[in-house]
Amino acid sequence: MSLLEKALRGAKPAEVQGGLFAKAVAAKAVRHEAESLPGGDEPAFIRPTPEEESVFVPPEFPLSASDLAAVESEILEFKASGDYLLAVFARIAETLPLEALALFLPRGEGLALAASLGFPAAMTDYIPESVARRSGSPGSPLSEESKAAISSLLGVSPTLMLRGATMYGPADAVLGQWVFADGVLEYADQERIEAVGRLLRAPGRRASPAVSLQEPSSQPGSGLVAQRHGQRFAVAVALDLRSSYIELDMRVPGILPQAFFSVVLETAQRILGPSGAAVLTEAGQLAALLYSASELDADLVRFQFRKSLKRALPILEPIELSEGKSLLFDLTDAGSEAALSRFLAE
């Protein structure tokens, strides 16, 4: 059983060590009783052995403050792409021996879970932004109010020691909130704990463009057609992101589907700019329209769009991206919206 699991059961670190530590405590109590007996002689059968007299030696967190600073420098060199924070999560989860790590990203008026590793649950309900703003200095324990809001989303008891670090961007905007727990780190000196907090806070200086978690559209066809800006034609492209996410999850465990889909969607919207629009469907498809005054080659548009996505998102480089499908539409036709909806549903 890990230290985190023991903590989830409500035990204190000193109470769950068992083994030699528990034997030493028991032996001390027996010796005290023996000393109170007439004659003060300790019976031979309860005399402690050298093993039983061993004292508890706390475990040591394997990374020093300088090691953590080196990891911080490394992640600040990552490409500032739309998937930057997901790449940071993957690197930190791989490098830091934390028992549990979670990343919350903006969603609407609050923050929602984007990635979680080591925590028993991963609920996607949002928390108010004020929770992140009240998390204190990087690496410090979360307040009781913050723990109450966050612990249920992670499936842990509010009594578990949770620490946090908030990432801030320009104009003091909250770009994300880290939450972590580790039984071994609780024995470390304050300098090392603060170094972990600084490492987690640092990506806020590079998180550009910022990521916000997006909800899928229940009517993607009408939403896309409404943004045509007076253009007559449009090429519709649909890419199924579900298989790509499955492959990502095998390579980088912990990232939630909503975070991956949102990163791809926001990147697609930046690629298209004012010449197009993109939405996420409830079926896990990325649906995009490229508007034009003249007819375009639908297959060529799809090829170039996929290539641009792969180039813009390093996290997609080792992952297969759906070949997708594409079709040219005349948006002046009365049935174009219904035809687009059928195309996306096929």
> Any idea which heavy atoms bring F180 and G164 closest together, and the distance?
Replying inline: CE2-N, 4.1 Å
> What do the steps show when you test L327 against V235 for side chain to side chain contact (heavy atoms under 4.5 Å, CB included), and what is the final call?
Replying inline: CA-CA 6 Å; L327 192 65; V235 171; over 6 Å; no
>> What's the separation between atom CG in L199 and atom OG in S73, rounded to the nearest 0.5 Å?
In response: 9.5 Å
>> Can you confirm whether the side chains of S244 and E320 place a donor and an acceptor under 3.5 Å from each other?
In response: no
>> Using modelled atom types and a 3.5 Å cut-off, is there a donor and acceptor pairing between side-chain atoms of Y245 and backbone atoms of I255?
In response: yes
>> Pair E191, R198 - check salt bridge (Lys or Arg N to Asp or Glu O under 4.0 Å), show working.
In response: CA-CA 10 Å; E191 179 188 13; R198 288 194 300 271; 5.9 Å; no
> Regarding R91 and the six-membered ring of F78, is the cationic atom NZ or CZ under 6.0 Å from the ring centre and inside 45° of its axis?
Replying inline: no
>> Donor-acceptor check, side chain of D330 to backbone of F233, threshold 3.5 angstrom: yes or no?
In response: no
> So, S116 side chain and G254 main chain: donor-acceptor pair closer than 3.5 Å or not?
Replying inline: no
>> Using every non-hydrogen atom in the two residues, find where S322 and L239 come nearest and quote the distance to one decimal.
In response: O-CD2, 3.5 Å
>> Would you compute the distance between atom CZ of R134 and atom CD of E145 and round it to the nearest 0.5 angstrom?
In response: 3.5 Å
> Can you check whether L105 reaches L111 side chain to side chain, under 4.5 Å on heavy atoms?
Replying inline: no
>> Can you confirm whether L241 sits close enough to L321 that some side-chain heavy atom of one is under 4.5 Å from a side-chain heavy atom of the other?
In response: yes
> Once you round to the nearest 0.5 Å, how far does CG of D125 lie from CG of L113?
Replying inline: 10.0 Å
> Hey, does the side chain of S292 reach the backbone of E295 with a donor-acceptor pair shorter than 3.5 angstrom?
Replying inline: no
>> Can you give me the closest heavy-atom contact between A210 and L175, atom names plus distance?
In response: CB-CD2, 3.8 Å
> Considering all heavy atoms of both residues, which atom of P97 and which atom of L63 are nearest to each other, and what is their separation?
Replying inline: CD-CD1, 3.8 Å
> Have Q269 and T267 got a donor and an acceptor in their side chains that come within less than 3.5 Å?
Replying inline: no
> Does E74 CD have over 12 foreign heavy atoms under 6.0 Å away?
Replying inline: yes
> Would you say the side-chain atoms of Q285 pair up with the backbone N or O of L344, donor to acceptor, closer than 3.5 Å?
Replying inline: yes
> Within a reach of under 6.0 Å around CZ of F303, are more than 12 heavy atoms found that belong to other residues, nucleotides or ligands?
Replying inline: no
>> If we ignore hydrogens and angles and just use 3.5 Å, is the side chain of K310 paired with the main-chain N or O of L316 as donor and acceptor?
In response: yes
> Could you go step by step and tell me if L76 and R205 meet the side chain to side chain contact (heavy atoms under 4.5 Å, CB included) rule?
Replying inline: CA-CA 8 Å; L76 289 176; R205 306 202 300 266; 2.9 Å; yes
> Between the main-chain N or O of D67 and the side-chain N or O of S64, is there a donor-acceptor pair closer than 3.5 Å?
Replying inline: yes
> R201 and A165: which non-hydrogen atoms are nearest, and at how many Å?
Replying inline: N-CB, 4.2 Å
> Do Q177 and T166 meet the criterion of a side-chain donor-acceptor pair at a distance under 3.5 Å?
Replying inline: yes
>> Looking at S336 and D333, would you say the former's side chain and the latter's main chain have a donor-acceptor pair under 3.5 Å?
In response: yes
> Would you say R107 and E215 make side-chain contact, with heavy atoms under 4.5 Å?
Replying inline: yes
>> Side chains of L280 and Q214, heavy atoms from C-beta outward: is any pair under 4.5 Å?
In response: no
> At what distance, to the nearest 0.5 angstrom, does CD1 of I127 lie from CG of L153?
Replying inline: 7.0 Å
>> Under a 3.5 Å distance rule, please check whether S135 uses its side chain to pair with a backbone N or O of A132 as donor and acceptor.
In response: yes
> How far apart are the C-alpha atoms of Q258 and T124, what are their side-chain angles, what is the distance that settles it, and do they pass the side-chain hydrogen bond (donor to acceptor under 3.5 Å, both in side chains) test?
Replying inline: CA-CA 9 Å; Q258 184 184 26; T124 56; 5.1 Å; no
> Where do D182 and F61 land on the side chain to side chain contact (heavy atoms under 4.5 Å, CB included) test, with the steps shown first?
Replying inline: CA-CA 9 Å; D182 187 78; F61 193 72; 3.9 Å; yes
> Heavy atoms, side chains only, cut-off 4.5 Å: are F260 and V252 in contact?
Replying inline: no
> Under a 4.5 Å side-chain heavy-atom rule over Ile, Leu, Val, Met, Phe, Trp and Tyr, are L85 and Y126 clustered together?
Replying inline: no
> What distance do I319 atom CD1 and I246 atom CD1 have between them, rounded to the nearest 0.5 Å?
Replying inline: 11.5 Å
>> Please check: side-chain N/O of K325 versus main-chain N/O of E346, any donor-acceptor pairing under 3.5 Å?
In response: yes
>> Using a 6.0 Å cut-off, check whether atom CD of Q190 has over 12 heavy atoms from anything other than its own residue.
In response: yes
> Does Y84 have K79 sitting over its ring (NZ/CZ under 6.0 Å from centre, angle to axis within 45°)?
Replying inline: no
>> L162 vs F119, test: side chain to side chain contact (heavy atoms under 4.5 Å, CB included). Steps then yes/no.
In response: CA-CA 11 Å; L162 294 177; F119 285 110; 3.8 Å; yes
>> Are L328 and L300 linked, directly or through intermediate hydrophobic residues, by side-chain heavy-atom contacts shorter than 4.5 Å (ILVMFWY only)?
In response: no
> Side chains of W178 and F104: closer than 4.5 Å at any heavy-atom pair?
Replying inline: no
> Taking all atoms of both residues into account, what is the closest heavy-atom pair of F89 and P253, and its distance?
Replying inline: CE2-O, 3.8 Å
> Less than 4.5 Å apart, any side-chain heavy atom of L286 and any of D240?
Replying inline: no
> About how many Å separate CD of E72 and CD of E77, when rounded to the nearest 0.5 Å?
Replying inline: 11.5 Å
> Side chains of Y187 and E60: closer than 4.5 Å at any heavy-atom pair?
Replying inline: no
>> Could you check whether R133 pairs with D172 (Lys NZ or Arg NE/NH1/NH2 to Asp/Glu carboxylate O, under 4.0 Å)?
In response: yes
